[in-house]
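Please read the structure below before turning to the comments.
Given the structure is predicted, the values throughout are model-derived calculations rather than measurements. Side chains are part of it too, since the values below use all heavy atoms of this structure and drop only hydrogens, waters and symmetry mates. Chain naming here is simple, since letters A, B, ... match the order of the sequence lines and numbering starts at 1 in each.
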Amino acid sequence: MVRIATWNVNSVKARLPHLLRWLAEAKPDVALLQELKCIDEAFPRLEIEDLGYNVAVRGQKAYNGVAVLSKHPIDVECTHLPGDGDDEQARYIEVFTAGVRVAGLYAPNGNPVKADDGSLSDKFAYKLDWLERLHHHVGGLLKTEDAFVLGGDFNVIPEDGDVYDPAAFKADALFRPESRAQLRKIMYLGLTDAFRATTAEVGCYSWWGYRAGAWAKDHGVRIDFLLLSPQAADRLTACDIDRTPRGWEKASDHTPVWCELADAGDPS
DNA sequence: ATGGTAGACCCTCTA
């Protein structure tokens, strides 16, 4: 069995006590982290290695940044989403570890959708383009027929049941039809949303903003996913959202999502 | 309620 989790920590330096506590308590075999908000050299590697994890980081100054932690050795496949060599933003890391190909990603937010002149903003265009690059890359990965897990902060709300108030998010880049269509396009390649494969319950969220008491009112959205290739989906035994860290003092605005895969060859 | 909060960092940007 391998337990794989994803968590947007919103600054690994600010969240280090939470991260160490969560790793010790939840004990994921593989953890995908997003929004490190630090350069590689500033990543708290030693503290995490002390808990028995290997570390692969693609950091950046001030913004973005992704990492993979694993109890098993890590072979880094790439630290850049293919398709635009000029894209400097640290939003993608892909590795082999624990016998599985695992990619951690932090998709662009895309807000504001409109520029001052009413046309689509550069940020929203970048988001859609980035998701198109992801679509192309996933298409290639599926041809390998590997078991793989694509996890992270996708910054897209899939369905009405994944947001506390669909009307309030109507114009938001996370819920715009263009964004949702891009996510569907990726899903329709043949990926399984691990959370949706294990529950039909709606109103289950992974992000609650800091403003206006959103957490206390459960005003959240579900934008953090673990997407499975067919070979990984065959091995899925459990998946859930762990709301606990969101309730801690000085929490990230996201909370972890985890899944468990049976070992290859084990009957499920 | 066209605000609100949090984090990075040089004061405004991103989310």
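Rounded to whole Å, the distance from CG on Asn8(A) to C1' on dA6(B) is 12 Å. The nearest whole Å value for the distance from the CZ atom in Arg15(A) to the C1' atom in dA6(B) is 8 Å. Atoms CH2 (Trp208(A)) and C1' (dA15(B)) sit 17 Å apart, rounded to a whole Å. In this structure, Tyr126(A) places its OH atom 16 Å from C1' of dC13(B), rounding to the nearest Å. One atom, CG of Asn10(A), and another, C1' of dC13(B), lie 14 Å apart when rounded to the nearest Å. Computed from coordinates, the Asn109(A) CG to dC13(B) P distance equals 16 Å when rounded to whole Å. Look at NZ on Lys127(A): it is 15 Å from P on dT14(B), rounded to the nearest Å. Note: CZ (Arg91(A)) to P (dT14(B)) measures 11 Å, nearest angstrom.
Comparing the same atom, P, in dG3(B) and in dG7(B) gives a spacing of 23 Å after rounding to whole Å. dT12(B) sits 24 Å from dA1(B) when the C1' atoms are compared, rounded to a whole Å.
In this model, no donor atom of one side chain and acceptor atom of the other lie less than 3.5 Å apart for Tyr92(A) and Asp87(A). The closest side-chain donor-acceptor pair between Asp240(A) and Trp258(A), if any, does not fall under 3.5 angstrom.
For the pair Glu35(A) and Tyr210(A), nearest-nucleotide mapping onto DNA chain B gives the more 5' position to Tyr210(A). Comparing Asn155(A) and Ala62(A) by the nucleotide of DNA chain B that holds the closest heavy atom to each, the one mapping nearer the 5' end is Ala62(A).
One finds no side-chain N or O of Lys37(A) lying less than 4.0 angstrom from the OP1 or OP2 phosphate oxygen of dT14(B). Checking the phosphate oxygens (OP1, OP2) of dT14(B), a side-chain nitrogen or oxygen of Lys123(A) falls inside 4.0 Å.
Between Asp165(A) and Lys217(A) there is no salt bridge, since no side-chain nitrogen of the basic residue lies less than 4.0 Å from a carboxylate oxygen of the acidic one.
A cation-pi contact links Lys71(A) to Tyr53(A), judged by a cut-off of 6.0 Å to the six-membered ring centre and 45° from its axis.
The side chain of Ala14(A) sits closest to dA8(B) out of dA8(B), dC10(B), dA15(B).
Here the shortest heavy-atom pairing between Phe154(A) and Leu150(A) reads CZ-O, 3.8 Å.
A donor-acceptor contact under 3.5 angstrom links the side-chain atoms of Arg211(A) to the base of dA15(B).
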